[in-house]
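Below you'll find the structure, written out as structure tokens, and then a few comments.
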Amino acid sequence: MDFGLTDEQRMIVETTRAFVENELYPHELEVERTGHLSLDLIKEIQTKAIEAGLYAANMPEDVGGAGLDTLTWLLYEKELGRANYALHWTCVARPSNILLAGNEEQREKYLYPCIRGETWDCLAMTEPGAGSDLRGMKASAKEDGDDWVLNGTKHFISHADIAGFTIAFMATGEEMTPRGPKKKITAFFVDKGTKGFNVREGYRNVSHRGYTNAVLEFDDCRVNKRQILGEVHKGFEVANSWLGATRLQVASTCLGRAERALGHAIEYAAEREQFGQKIGKFQGISFKLADMAMELKAAELLTREAAWKYDQGTVTETDMSMAKLKATETLAFIADEAIQIHGGMGLMDELPLERIWRDARVERIWEGTSEIQRHIISRELLRPLGA
Ligand SMILES: Cc1cc2nc3c(=O)[nH]c(=O)nc-3n(C[C@H](O)[C@H](O)[C@H](O)COP(=O)(O)OP(=O)(O)OC[C@H]3O[C@@H](n4cnc5c(N)ncnc54)[C@H](O)[C@@H]3O)c2cc1C
């Protein structure tokens, strides 16, 4: 594994950083204070991101994306992650990789419009009664001739308000396994406006202001079998091919935010004076900086190694879980320490630190909680011993 960046990778990092600083940072305070990101602003920044070649950079070249390898894509994600989440997600979007699993008809209808910036996707798995335990979902689909009829409720569904369609994961049967009955899951494309499909406002969230979540209700919602993504009963197989990459994407965006917070902390420690000297001269402060830098590097190395292995085809669930776990917990640690180093000023919204601190909270919950990541890692340790 080569630890240095290629010229191309450096250029992508610099271009993305410049875009984030020039086009996203100026809008952060307004989004944080109002909790709202207008569609006009989304469209304005989106147009610039498309012109700069930064939009949908996670996608392969043959479908109109940038065709980056995983490591390079994650370097790009790290830069995006520095900014407010709503701004970077909706304005410089990455359509879900899962859309690549669609057949050509589905790609025409869903994937390409997302890549062109004409619409957005959203993914509906979580339910009020089924979070970490997704197989426990109650929402179901029943076959009826050439159609399937969907019923149930999903919640916490990110940016479903602006999405043109959702990919809804529904229980479509049950099979017996040695561990007891197991639900079979199928993924369906459901267009906004389909009869029986309702999107309503979700909850107010302490993290990621402006980044909305919604409740999705399916009430005898009828979709044709052509709307199935992948195969019947194989929804999780499709999702699993995408979830690992998403965990690395979460890790990378956390690294970007952690680096931004550390940068502020270093600058402040070097200029703020108390008791007649720079506070960075106090070991109580300088040792914090040393620990923050070390933890960040450890998280970054884990993430980069997992990305590199992803491209070699050797990545394991543990690699991706370790990267996600370490990066999200490191962000929480660094955000908290950066505020401590700033004293009271760290809590004021003139600086992005209180925002980064709030935003860090959700990262240990979505895309698999920290406990679930630890479960995945420990399972891989214990299974060979039959435990
Ligand atoms: C802002 C936001 C946006 C989201 N966007 C989406 C989206 O777009 N689409 C979507 O489908 N979902 C989305 N989610 C849902 C997210 O993935 C879930 O919140 C997450 O999977 C955890 O589920 P839960 O909140 O129901 O918690 P629960 O699963 O109920 O967990 C509660 C607690 O129990 C612990 N726990 C559960 N099982 C175990 C276990 N086996 N071992 C140890 N501890 C365990 C958890 O770690 C946690 O601490 C979003 C969530 C948020 C907050």
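Treat the numbers as computed from the prediction; the structure is a model and nothing was measured. We count residues from 1, following the sequence as given. Counting convention: from 1, in listed order, for ligands and their atoms alike.
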Task: Residues Glu367, Lys324: salt bridge by 4.0 Å N-O rule - done: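 Between Lys324 and Glu367 there is no salt bridge, as every charged N stays at least 4.0 Å from the carboxylate O atoms.
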- [ ] State whether the number of non-hydrogen atoms from other residues, nucleotides or ligands found under 6.0 Å of Glu8 atom CD is greater than 12.
- [x]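 For Glu8, atom CD is not crowded (no more than 12 foreign heavy atoms under 6.0 Å).
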Run the side-chain donor-acceptor check on residues 123-131: report pairs under 3.5 Å with partners two or more places apart or on a different chain.
unit_1, atom_1, unit_2, atom_2, d
Glu127, OE1, Lys138, N, 2.7
Glu127, OE1, Ala139, N, 3.4
Glu127, OE2, Lys138, N, 3.4
Glu127, OE2, Ala139, N, 3.0
Glu127, OE2, Lys154, NZ, 2.9

Open item on the list: If the criterion is any heavy atom closer than 4.0 Å to an atom of ligand 1, which residues make the list?
Closed with: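 For ligand 1, the contacting residues are Leu123, Ala124, Met125, Thr126, Gly131, Ser132, Phe156, Ile157, Ser158, Asn205, Val362, Ile365, Trp366, Glu367, Thr369, Glu371, Ile372.
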- [ ] Please list all pairs passing the side-chain hydrogen bond (donor to acceptor under 3.5 Å, both in side chains) test where one or both residues lie in residues 166-176, with sequence neighbours left out.
- [x]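 Pairs touching residues 166-176 that pass the test: Thr172-Thr186, Thr172-His233.
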Open item on the list: If hydrophobic clusters are built from ILVMFWY residues whose side chains come within less than 4.5 Å, do Ile115 and Ile162 share one?
Closed with: no
Task: Set of residues satisfying ring pair (Phe, Tyr, Trp, His ring centres under 6.0 Å) with respect to Trp366, sequence neighbours excluded - done: Tyr85, His208, Tyr211
